[in-house]
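First the structure, in the form of structure tokens, and then the observations on it.
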Amino acid sequence: MISTATKLANRSFSNCMMNAAGVWCMDEAELTAIDDSAAGTFVTKSGTLVSRPGNPEPRYYETALGSINSMGLPNHGIDYYLDVVAAFQKKNPGKTYFLSCTGFSIEQDQTLLRKIKDSEFNGIVELNLSCPNVPGKPQIGYDFETVDQILAAVFAEYDGPLGVKLPPYFDLVHFDQMAVILNKYPLAYINSINSIGNGLYIDDEKEEVVIKPKNGFGGIGGEYVKPTALANVHAFYQRLKPEIQIIGTGGITSGRDVFEHILCGASMVQVGTELAKEGPQVFERLTKELQDIMAAKGYTTLADFRGKLRHQD
Ligand code: RRO
């Protein structure tokens, strides 16, 4: 029997695959589709204190090799997602769900965590430190001092399982510096990577950008980003204390991509662009493809190969 089950933050999941925040998770109907799919669980769209319409459309565009988006954090507000997840928890008491959230200041992050603590939520919190698309707001994950201050404030407020969604880093020194900060805190996990921020995709025929906000600049996802995602997963796997697990996100279009993320050290994986392209049935295909690879290699559990990427001497 080949199992793609996993454990994260001491919770068990029947499958290691789930949606990436932002895709198929805006409202109850979309979350229901993921809940009913072969995915192990879902994460909600990042909820803010107050609901937001997001940036003007068109704000998402699919390309042959991936996607570009500048959604601008549209969401129904944290209270909506707390209510919706509470209903799922009632329906499936044995299942653990992820709630993503993000604030625009340390005080807002603390208020969000206080709300979550005071609610019935019993799942895992994913604090998004890496939204690339709010005009005038830099990605927090690139401001190391602020990340440190946010984590100190968050863990003063919240003692449930919590992970952070990080932007991609591109320099080994930055992996070193971030790992020192992350290792100071009782994080359940880190999630690498969010989209590669502020790419530009253009339509040559029209000689025009393809999305409206920010003069066409937006976060890049899909096949383009897999090597960057694998680098981030593996770099943090080598540097983080073993209690901090890793969710690998970025460039998953096949079971082989899932296999590679796990080989680099991921305990769970998230699918964004390919889920947007194929819909929730993508999880059945990816699971089957991963099982076929595991069977060919003689592996029966993820632990047989997780983090076991070989380096050359
Ligand atoms: O809503 C968005 O524009 C968005 C967010 Br919050 C994020 O974290 N990552 C992304 O690619 N888009």
Side-chain angles (χ1 to χ4, degrees), residues 2-6 8 11-47 54 59-69 71 74-76 80-81 83-100 123-124 126 128 165 191 193-195 219 221-223 225-226 229 247-262 266-293 302:
I2 291 171
S3 168
T4 60
T6 194
L8 193 99
R11 313 290 182 93
S12 296
F13 299 88
S14 61
N15 194 0
C16 62
M17 304 169 203
M18 60 187 289
N19 68 305
V23 184
W24 277 87
C25 59
M26 185 65 90
D27 56 27
E28 187 169 8
E30 291 187 353
L31 290 165
T32 300
I34 303 298
D35 197 46
D36 291 343
S37 78
T41 183
F42 64 62
V43 59
T44 67
K45 175 67 183 171
S46 300
R59 57 193 186 180
Y60 179 83
Y61 186 87
E62 277 174 7
T63 74
L65 296 177
S67 64
I68 183 167
N69 88 84
M71 304 298 288
N75 78 93
H76 294 296
Y80 173 85
Y81 296 106
D83 285 350
V84 166
V85 175
F88 280 103
Q89 286 178 176
K90 256 190 207 106
K91 207 168 80 181
N92 303 305
K95 197 164 171 179
T96 296
Y97 296 102
F98 287 69
L99 177 76
S100 175
I124 299 172
E126 178 162 298
N128 186 356
K165 180 82 172 272
N191 184 343
I193 59 173
N194 206 318
S195 54
E223 285 183 52
V225 312
K226 189 178 76 169
I247 297 182
T249 305
I252 292 174
T253 65
S254 69
R256 191 190 116 177
D257 301 324
V258 177
F259 180 81
E260 291 178 5
H261 267 271
I262 294 166
S267 291
M268 196 148 191
V269 301
Q270 294 184 346
V271 185
T273 298
E274 195 61 23
L275 170 60
K277 288 186 176 181
E278 278 184 49
Q281 66 273 18
V282 71
F283 293 109
E284 215 173 299
R285 175 176 70 78
L286 295 175
T287 305
K288 173 81 171 57
E289 289 174 1
L290 176 61
Q291 284 170 338
D292 288 348
I293 291 170
L302 304 190

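For clarity, every value in this text was computed on a predicted model and none was experimentally measured. Sequence positions, counted from 1, serve as the residue numbers for this chain. Note that these values count all heavy atoms, side chains included, but never hydrogens, waters or copies made by symmetry.
When atom types are taken as modelled, the side chain of Asn15 and the backbone of Ala38 share a donor-acceptor pair closer than 3.5 angstrom. The backbone N or O of Ser254 lies less than 3.5 Å from a partner atom in the side chain of Asp257, making a donor-acceptor pair.
Within the model, atoms SG of Cys16 and CG of Leu302 stand 5.0 Å from one another, a figure rounded to the nearest 0.5 Å.
Taking every heavy atom of both residues into account, Gly248 and Ala266 meet most closely at N-CB, 3.7 Å. Smallest separation of non-hydrogen atoms from Val43 and Ser100: CG2-CB, 3.8 Å.
Annotation: ring pair (Phe, Tyr, Trp, His ring centres under 6.0 Å) contacts of Tyr81 (sequence neighbours excluded): none. The side-chain contact (heavy atoms from CB on, under 4.5 Å) search around Ser267 returns Thr6, Leu8, Gln245, Arg306, not counting sequence neighbours. Contacts of Glu126 classified as salt bridge (charged side-chain N to carboxylate O under 4.0 Å, His left out), with partners at least two apart in sequence or in another chain: none. Remark: Phe283 pairs with no residue by the ring pair (Phe, Tyr, Trp, His ring centres under 6.0 Å) rule, at least two apart or across chains. Residues passing the side-chain contact (heavy atoms from CB on, under 4.5 Å) test with Lys288, sequence neighbours excluded: Asp292.
Taking the six-membered ring for Trp and the full ring otherwise, the centers of Tyr97 and Phe42 sit less than 6.0 Å from each other.
Between Ile252 and His261 the shortest side-chain heavy-atom distance falls below 4.5 Å. Contact annotation: the side chain of Met17 never approaches that of Gln270 to less than 4.5 Å [non-hydrogen atoms, C-beta and beyond].
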Between Asn92 and Asp35, does a side chain to side chain donor-acceptor pair (under 3.5 Å) hold up when you go through it step by step? CA-CA 10 Å; Asn92 303 305; Asp35 197 46; 3.2 Å; yes
Let me have the donor-acceptor pairs involving side chains of residues 20-29, under 3.5 Å, with sequence neighbours excluded, atom names and distances please.
unit_1	atom_1	unit_2	atom_2	d
Asp27	OD1	Ala29	N	3.3
Asp27	OD1	Glu30	N	3.0

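When the shell of 6.0 Å around CD of Glu278 is examined, it contains more than 12 heavy atoms from other residues, nucleotides or ligands.
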